[in-house]
There are 2 protein chains.
Amino acid sequence: MENPSLGGWQALPSWLLTQTAAHAHRLVAEGFAAVQARGYHYRLLATLEELGPASQATLGRSSGIHLSDMVATINELADAGLVERAPDPTDRRRNVISLTPAGKRRLRRLEKRLATTQDELLAPLSPEERRQLTDLLAKLLDHHNRSAGGSPISRG
Amino acid sequence: MENPSLGGWQALPSWLLTQTAAHAHRLVAEGFAAVQARGYHYRLLATLEELGPASQATLGRSSGIHLSDMVATINELADAGLVERAPDPTDRRRNVISLTPAGKRRLRRLEKRLATTQDELLAPLSPEERRQLTDLLAKLLDHHNRSAGGSPISRG
DNA sequence: AACGGATCGTTCGGGGCACTAACGTTCGTG
DNA sequence: CACGAACGTTAGTGCCCCGAACGATCCGTT
């Protein structure tokens, strides 16, 4: 009676999503780790390129990275010379974080890495299916970014 | 040069997937936390119902929960009277974990909770879209469970 | 019967990600 | 000036995933 390949419970979307996400997360993390990076690094660098120089609070709101995690993330990136942290002359509470040329090169590298990972992740899907998946996920993400406050973008 | 609007990086499947997964993870975790549970609890109880009484190692292999995390998870569930841990008379290395009636009721409750969470998660999608998403994710999950060794299921 | 390899359960620790609490500093505004 | 708000920082929590190590037990071989 017991089906060795599929039980009832593992067909639940939440199970599928969390498990797939776990795989995706692992693949992405492994890809980043292979170049001594973490997800936060990419997210911060990408957001930084999108916004230009900005304060930590602004970056946190835009990237969805918690303020308290921003500190460590920026520390790491700054230690590696990928971003620069300078006091804002117009507001002494703020630091202005900016992307260095090395940081930009780093970002390009991480993007390439990520593209590779995605091919790996989406290997079993046809181009059409990949487009479908992207659309569906985008719809979900948009919805939840709207309702739940933590919107990564479009909240400037 | 720069991508002023929201063109580039946040359309990447990996970004969409990890972000969506983050939302899914949060929703699921919140749903479970509302009844003092964690994802591991559900996964273990569900696996236990699927397999029947089994050793911790077997449960770990089938549920994808790391052996070292199994200990704490079973401790918690056993403290709550949801599972029973008894020494295996035929192999003194092993414990036989079994589901109590209370554990079964608990599982039913968590399943209901999960169903609610899924409605919340998939709210913006039509039934047809939900089916599409489920199919795509199942395909991805199956692929990666096959290739990557750490398959949560179908490894008996 | 003794040995060696494998399995099982357990403890400890760490990494990544998301989040809370608290604190001192600085900025605006009343 | 005083007050509340925003900013950056530190410290700590929780969940999930993973690895290292260890004692106890089982099993196949000798």
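So that the names make sense, note that chain A is the first sequence line, chain B the second, and so on, each numbered from 1.
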Inset, instruction - Give a yes/no on whether any side-chain N or O of A:Arg38 is located under 4.0 angstrom from OP1 or OP2 of C:dC17. - result: yes
Legend entry - Min side-chain heavy-atom separation A:Leu136-A:Leu140 under 4.5 Å: no
Legend entry - Nearest-nucleotide pick for B:Arg92, side chain only, options being C:dC12, C:dC8, D:dT25: D:dT25
Legend entry - Closest to side chain of A:Arg43, choosing from C:dT11, C:dG16, C:dA18: C:dA18
Inset, instruction - For the side chain of B:Ser68, starting at C-beta, report the closest nucleotide among D:dG8, C:dC12, C:dC17. - result: C:dC12
Legend entry - Side chain of A:Asp91 - closest among C:dC17, C:dG9, C:dT26: C:dT26
Legend entry - Residue closer to the 5' end of DNA chain C, A:Phe32 versus B:Ala54 (nearest nucleotide): B:Ala54
Inset, instruction - Would you mind reading off the distance between A:Leu59 atom CG and D:dT9 atom P, rounded to a whole angstrom? - result: 12 Å
Legend entry - Length of the CG-P vector between B:Asp88 and D:dC26, whole Å: 9 Å
Legend entry - Cluster check A:Leu48, A:Val35: I/L/V/M/F/W/Y, side chain < 4.5 angstrom: yes
Inset, instruction - State which of C:dA18, D:dC7, D:dC16 makes the closest approach to the side chain of B:Arg26. - result: C:dA18
Legend entry - Rounded distance in Å - CE (A:Met70) to P (D:dT10): 13 Å
Inset, instruction - Between A:Ala37 and B:Thr58, just flag the one whose closest nucleotide in DNA chain C comes earlier from the 5' side. - result: B:Thr58
Inset, instruction - Mind checking A:Ala29 for me? I need base, sugar-phosphate or nothing, with any heavy atom below 4.0 Å counting as a touch. - result: nothing
Inset, instruction - Please state whether the phosphate of C:dT10, meaning OP1 or OP2, lies under 4.0 angstrom from any side-chain nitrogen or oxygen of B:Arg85. - result: yes
Inset, instruction - Could you please name the option among D:dC7, D:dC17, C:dT11 that lies closest to any side-chain atom of A:Arg61? - result: D:dC7
Inset, instruction - Under 4.0 Å between any heavy atoms, over every strand shown, what does B:Leu67 touch: base, sugar-phosphate, or nothing? Just pick one. - result: base
Legend entry - Listed nucleotide nearest any side-chain atom of B:Arg93, set D:dT25, C:dC19, C:dT26: D:dT25
Legend entry - A:Arg94 versus A:Gln56, side-chain donor and acceptor atoms under 3.5 Å: no
Inset, instruction - Could you tell me whether A:Asn95 contacts a base, only the sugar-phosphate backbone, or nothing, with contacts defined as non-hydrogen atoms closer than 4.0 Å? - result: sugar-phosphate
Legend entry - Position toward the 5' end of DNA chain D (nearest nucleotide), B:Pro89 or A:Asn75: A:Asn75
Legend entry - Length of the line joining B:Asp69:CG and C:dG14:P, which is rounded to integer Å: 15 Å
Inset, instruction - Can you tell me the distance, in whole Å, between the CD1 atom of A:Ile97 and the C1' atom of D:dT9? - result: 13 Å
Inset, instruction - Using only side-chain N and O atoms of B:Gln56, determine if any of them is under 4.0 Å from OP1 or OP2 of C:dT10. - result: yes
Inset, instruction - Starting from P on C:dG15, measure out to CD on A:Gln36 and report it in whole angstrom. - result: 14 Å
Legend entry - Enclosure of A:Arg109 CZ (heavy-atom neighbours >12, cutoff 6.0 Å): no
Inset, instruction - Identify which nucleotide among D:dC18, C:dC8, C:dT10 has an atom closest to any side-chain atom of B:His66, counting heavy atoms from C-beta outward. - result: D:dC18
Legend entry - Separation of C:dC17 C1' from A:Ile65 CD1 (nearest whole Å): 10 Å
Legend entry - Hydrophobic cluster membership, B:Tyr40 vs B:Leu51, 4.5 Å side-chain cutoff: yes
Inset, instruction - To the nearest Å, give me how far apart CD (B:Glu30) and C1' (D:dG14) are. - result: 13 Å
Inset, instruction - For atom CD of A:Glu129, decide whether the heavy atoms of other residues, nucleotides or ligands shown that lie under 6.0 angstrom number more than 12. - result: yes
